[in-house]
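Comments concern the structure below.
FYI, side chains are in, hydrogens and waters are out, and symmetry mates aren't considered; it's all heavy atoms of this structure. A note on names: the letters A, B, ... follow the listed sequences, proteins ahead of strands, and every chain is numbered from 1.
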Number of protein chains: 2
Amino acid sequence: MLDQFERVGKAIGDPTRVRILKLLEPEELCVCQITAVLDLAPATVSKHLSLLREAGLLVQRKAGRWVYYRLAGHSPNPYAPAMLTLIRSILGEDDVIAADRRKLNKIKEIPVEALCAGTIPTDEPRLSLTPRIPEL
Amino acid sequence: MLDQFERVGKAIGDPTRVRILKLLEPEELCVCQITAVLDLAPATVSKHLSLLREAGLLVQRKAGRWVYYRLAGHSPNPYAPAMLTLIRSILGEDDVIAADRRKLNKIKEIPVEALCAGTIPTDEPRLSLTPRIPEL
DNA sequence: CATATATTTCGTCATATGACGAAATAACGA
DNA sequence: TCGTTATTTCGTCATATGACGAAATATATG
């Protein structure tokens with residue numbers, strides 16, 4: 001059991017991965033959206049997401065070439081839900097987290113074709129087609 | 001704020017440090033007691049304790065040559081209390097933690113002079129003076 | 001003061017980790 | 001099939017980390 005907690009513990013021990021968890025609180029996101037917000041190499045983001053998934057904190061869904069991640073509801077790791085609950089209750093006013101969220105809002109305004117072209121998930125509203133590229 | 005959570009997150013990301021936190025749940029302990037239970041070099045234990053203290057999870061008290069640590073009540077780190085609460089609620093049935101506790105009970109039977117000679121803190125019962133060395 | 005003891009700090013080592021670019025894989029469309 | 005695209009895996013690098021022994025520090029005693 002301790003090794004299961006170790007997975008969760010190590011997963012949230014990195015600030016980038018905490019940022020990812022906070023980004024995913026409101027809704028599921030595509031890898032390319034997370035990558036754009038964090039401004040890291042896709043390989044790095046993929047590795048972080050993989051670690052979070054192995055710790056039972058994230059769930060993955062594929063839609064064509066696109067891969068979406070969301071916070072885990074039920075989890076094979078018994079310690080993941082409690083830790084996710086804790087993280088939901090904190091950092092609400094943090095500068096870094098707030099900046100990430102503002103950036104995400106802008107990224108979600110980008111024409112899908114310019115960022116992550118593909119089918120819009122049915123449970124999300126259709127994005128604006130304004131052809132402007134925001135500051136990133 | 002994220003850097004404060006990072007401290008707590010990294011601190012509990014190591015299983016040895018989680019074992020220390022679980023050992024300290026019932027009561028304050030001396031470094032030499034923790035060292036004996038974990039069976040690690042004193043230098044290693046000291047470093048772990050230092051990290052936990054810097055994260056605001058532990059509080060230190062000196063009594064002569066001896067240094068005692070206990071879980072922090074109030075903490076300069078806003079995230080420490082919630083994390084300690086979470087850790088108190090888990091791993092109660094874990095094999096490693098249970099073995100540590102059994103070992104600690106034996107260590108507390110050792111004549112003080114053989115393990116950590118010195119003044120018995122006034123809020124602890126006087127230990128048995130049976131001159132036997134238990135299996136460690 | 002010298003000696004003893006408990007703990008902490010320092011230095012070293014083996015291993016882990018977060019970053020990246022390159023390569024591999026998965027999926028799609030012509 | 002080939003070309004394109006999104007993501008993942010692999011390999012590399014710089015740095016961090018957990019372990020240890022040695023040295024330094026803090027404390028007590030004669």
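Without hydrogens or angle criteria, A:Thr85 side chain to A:Pro81 main chain gives a donor-acceptor distance under 3.5 Å.
Between the CZ atom of B:Arg61 and the C1' atom of C:dT7 there is a distance of 15 Å, given to the nearest Å. For B:Lys62 and D:dA26, the NZ to C1' distance is 7 Å, given to the nearest whole Å. Remark: P of C:dA6 and CZ of B:Arg65 are 6 Å apart, rounded to the nearest angstrom. When the C1' atom of C:dT7 is taken as reference, atom CG of B:Leu29 falls 16 Å away, rounded to whole Å. The CG atom of B:Leu58 sits 15 Å away from the C1' atom of C:dT8 (whole-angstrom rounding).
Using a 4.5 Å heavy-atom threshold, the side chains of B:Ile12 and A:Met83 count as touching. Residues A:Val96 and A:Lys22 have side chains not in contact (no heavy-atom distance under 4.5 Å, counting atoms from C-beta outward).
Only B:Pro42, B:Ala43, B:Ser46, listed by number, bring a heavy atom of residues 37-54 of chain B to less than 4.0 angstrom from any atom of DNA chain C. A heavy atom closer than 4.0 Å to some atom of DNA chain C occurs in A:Lys10, A:Asp14, A:Thr16, A:Arg17, these being the qualifying members of residues 9-23 of chain A.
Under the side-chain hydrogen bond (donor to acceptor under 3.5 Å, both in side chains) test applied with B:His48, the options B:Arg17, B:Arg53, B:Arg19 reduce to a single match, B:Arg17.
Follow the hydrophobic side-chain contacts under 4.5 Å out from A:Leu21 and you reach B:Leu2 in the same cluster. B:Leu51 and B:Ile87 are not part of a single hydrophobic cluster, where members link through side-chain heavy atoms under 4.5 Å apart.
Annotation: the span from A:Ile20 atom CD1 to A:Thr16 atom OG1 amounts to 7.0 Å, rounded to 0.5 Å.
Residue B:Tyr69 places at least one side-chain N or O closer than 4.0 Å to OP1 or OP2 of C:dT8. Distances shorter than 4.0 Å separate some side-chain N or O of A:Gln60 from OP1 or OP2 on D:dT8.
Other residues, nucleotides and ligands contribute over 12 non-hydrogen atoms within 6.0 Å of the NZ atom of B:Lys10.
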